[in-house]
Amino acid sequence: MKRDLHQFQGRLSNHNHGTSSSPSSLPISKDKMMMVKKEEDGGNMDDELLAVLGYKVRSSEMAEVALKLEQLETMMGNVQEDGLSHLATDTVHYNPSELYSWLDNMLSELNPPPAGSNGLDPILPSPDSFLTTVAGDSSTITSIGGFPPSDYDLKVIPGNAIYHQNQFPAIDSSSSSNNQNKRLKSCSSPDSMVTSTSTASQIGGVIGTTVTTTTTTAAESTRAVILVDSQENGVRLVHALMACAEAIQQNNLTLAEALVKQIGCLAVSQAGAMRKVATYFAEALARRIYRLSPPQNQIDHSLSDTLQMHFYETCPYLKFAHFTANQAILEAFEGKKRVHVIDFSMNQGLQWPALMQALALREGGPPTFRLTGIGPPAPDNSDHLHDVGCKLAQLAEVIHVEFEYRGFVANSLADLDASMLELRPSETEAVAVNSVFELHKLLGRPGGIEKVLGVVKQIKPVIFTVVEQESNHNGPVFLDRFTESLHYYSTLFDSLEGVPSSQDKVMSEVYLGKQICNLVACEGPDRVERHETLSQWGNRFGSSGFAPAHLGSNAFKQASMLLSVYNSGQGYRVEENNGCLMLGWHTRPLITTSAWKLSAAH
Amino acid sequence: MSEKRISMVEKSNNKRQRVNQVPKFSINDHHDVLVEILRRLDGPSLCSAACVCRLWSAVARNDSIWEELCFRQVSPRPSLSLRSVVSALGGYRCLYFFCIRPVLARLPKLRWTRDQLQLSLSLYCVHYYERLYVGAWLGDAPPAPPSSLMFLRKPVNVV
């Protein structure tokens, strides 16, 4: 025992004599040290922030430092004898600036379980000195440094120990699972190159929370009881998601794989919207990593129809889209005796009853209403567009509107041609074109959108209403798309939280989850969810020969009224932007309705 | 009041002594008068009135009463074509119950104008359309009843 102590002190005095920060000076031949030598080339710079505080830790070693601190902490927790437990409290700090090597030292000594280390001088650093490094909250997203895990075994930790646990309680727990969670968390964060004080605070946080409990429970169980702060968890979850996406961006699939598993565990410890979003994104990331194509991409249209119906009922986004588009079309059709609407997004035809009713009740009586619906083929070859047409015809008869219907089945809008639509001369018939969440799917095919816009121009509509998601999910860089979509769908799921739980709500979440899956896991022509912002669409339409048509104040009023009924209007916001209406949740716009007409030159 | 009553009773007693049969006025015998009275009630009162007895409940199903209730504050009065549309979609009573009453309950200070009415009508129309879907189901199990107006009925959790 004493010999150990002397060895230890001898090593420490080596440090105290101001050795350079190279581990090779120590006569230790542990595997971990070897590994550190391998990684010396990358990340030789000392971490700046810790350097300011007096610690010399190389950036590349941050992860291992943190891991070792964690191991140290659990080892201290494991100790039965009093000898080491008091180390946690009264300690003297002996120049731990050589943090990495010193830690490794400690662990190599402690790793064979410390048998009766009475009489060891307190040479461990005071936890308070770590805590002084704790900064405030860290909301910045750290970017990843490229350190290879190699035999670092991130996979071992989230192995059976996690997966045979059935349920993680969200907040406090006295099970060892939370210990694992904490260990995982400190693993995930140091994967990042520190650009903020986040890592320091997390390390400090880990030590801070665990050491205090160690002292109280050292005599009791081998594992400390830890109160898990779910907000901390939330931050870590986001960091883990970003880190995983960045790993995928850099093609570091082994690291990404490990991170995805961690995300899965972290996500379970959350509650509510965050949990659902994280779960969907984690699944999508996993699919991307393992190259599993999402289940039935565009095949099962009837399922997506059903899901969209539930989405329609749960939250106001689709209703907003339909009502505002209808209002624009209604105003454009003023005074016309024969009207024709071409709908690119037929689905269940939920948009048209309201328009037909408004036409039925307008001044001067209803016009003759003709509807052409375009949709993808149904999987079971049933003529589902025909069924929709029949229902609409029934409704039209009831409200005394002359109705004519035609359904077109097309795999993609780009397959359409103006000649197929049997357009009548524009003197007799006013045409409107409507597209709700359909145009972005064309951006995956080169030339697709141009062809469709060309067809629309040939149709010569009096108005072209477009509803699209307000977010840029079509950038060239995967990481940017991931970040944008994470924010977007988090906001969307947040807005769903106010809805009382029901089957509808679950289905709406599945509907959104499928979008997330397509966005993250697919590439090339498979990735159809290529959302773009209003300004991007505006540029596209502008250069194709369309000019914006402003939506009137009636549309705004109707939209505001609709939203005031939903959840007493809390949270939803309608904004007007250059004549277009945006529906958002709190400050974030989520969908945009815009109307376009042919510009004068055409 | 009680004195008046006493005097009335005395008078009627006197009258009865003079004449054998005095026609008593019972509102239940005069449905048109009852309808006229009910038309002037506000929503909650009308709903209570409809629960008084079977006769009153049947009388209260008269759609013109509910039409009056819906349009009382709306000016100018909507055209007659509206009546045919609404009755085709299910009538004013259903319109009131499905669309108007929940909205008023949620937003009690809402001024009921043409715009709100238009919105209610749109929602009502969508609801009717969804019921068409339910009606036409030929599969094994009937789907859930249309719930596009559920957001009006269910209690809200304010986030």
Side-chain angles (χ1 to χ4, degrees), chain A residues 273 306 309-310 312-316 319 322-323 326-327 348-358 360-363 365-366 387-388 390-392 394-395 397-401 494-504 554 557-562 564-571 585, chain B residues 76 78-90 99-100 102-138 143-159:
Chain A
T306 319
M309 192 98 147
H310 288 279
Y312 181 85
E313 283 157 16
T314 315
C315 43
K319 283 199 184 76
H322 291 172
F323 282 22
N326 283 345
Q327 190 63 32
Q348 310 279 17
L350 281 170
Q351 185 173 353
W352 309 115
L355 181 66
M356 291 202 290
Q357 172 261 311
L361 293 174
R362 70 169 192 180
E363 304 283 329
D387 295 335
V388 169
C390 288
K391 307 252 172 15
L392 286 171
Q394 249 183 299
L395 175 68
E397 199 181 310
V398 155
I399 58 177
H400 311 300
V401 174
D494 265 344
S495 71
L496 279 181
E497 278 303 291
V499 175
S501 282
S502 62
Q503 199 209 3
D504 276 343
N554 276 333
K557 268 195 283 183
Q558 259 216 339
S560 315
M561 244 190 292
L562 176 68
S564 61
V565 176
Y566 259 102
N567 209 11
S568 306
Q570 304 233 0
W585 177 254
Chain B
S79 58
L80 288 173
S81 56
L82 182 60
R83 188 180 293 171
S84 61
V85 171
V86 176
S87 30
L89 292 177
C99 301
I100 298 182
V103 172
L104 284 176
R106 197 166 289 189
L107 305 167
K109 299 204 186 84
L110 189 67
R111 265 184 57 243
W112 195 253
T113 64
R114 256 205 105 82
D115 298 322
Q116 277 85 351
L117 186 67
Q118 184 61 34
L119 182 68
S120 313
L121 285 172
S122 304
L123 291 172
Y124 194 46
C125 201
V126 177
H127 179 73
Y128 177 84
Y129 179 69
E130 281 189 325
R131 279 188 294 156
L132 285 180
Y133 261 92
V134 177
W137 189 257
L138 299 167
S147 49
S148 75
L149 294 178
M150 269 303 177
F151 73 97
L152 287 175
R153 278 186 250 162
K154 281 196 178 148
V156 279
N157 301 331
V158 174
V159 175

field: Engaged part of A:Val388 at the chain B interface, taking heavy atoms whose separation is under 4.5 Å
entry: both

field: pair A:Met309-B:Glu130: side-chain heavy atoms closer than 4.5 Å
entry: yes

- request: For B:Val85 and A:Leu361, work out which heavy atoms get closest and say how close.
  value: CG2-CD2, 3.8 Å

message: Any heavy-atom pair between the side chains of A:Gln357 and B:Val126 that's under 4.5 Å?
response: no

field: Separation of A:Asn326 CG from B:Ser122 OG (nearest 0.5 Å)
entry: 8.0 Å

task: Kindly write out the residues that satisfy salt bridge (charged side-chain N to carboxylate O under 4.0 Å, His left out) with A:Arg362, not counting sequence neighbours, or none if the list is empty.
output: none

field: Engaged part of A:Leu392 at the chain B interface, taking heavy atoms whose separation is under 4.5 Å
entry: both

task: Enter the distance from B:Tyr128:OH to A:Gln394:CD here, rounded to the nearest 0.5 Å.
output: 6.5 Å

task: Would you name the heavy atoms of B:Tyr129 and A:Gln348 that are closest together and state the gap between them?
output: OH-O, 2.8 Å

task: Look up atom CD in B:Gln118 and atom NZ in A:Lys557, then write down how far apart they are to the nearest 0.5 Å.
output: 11.5 Å

query: What residues, two or more places apart in sequence or in another chain, satisfy side-chain contact (heavy atoms from CB on, under 4.5 Å) together with A:Pro316?
result: A:Leu563, A:Tyr566, A:Tyr572

query: Between A:Asn554, A:Val398, A:Ile399, which shows the greatest number of heavy-atom pairs under 4.5 Å with chain B?
result: A:Val398

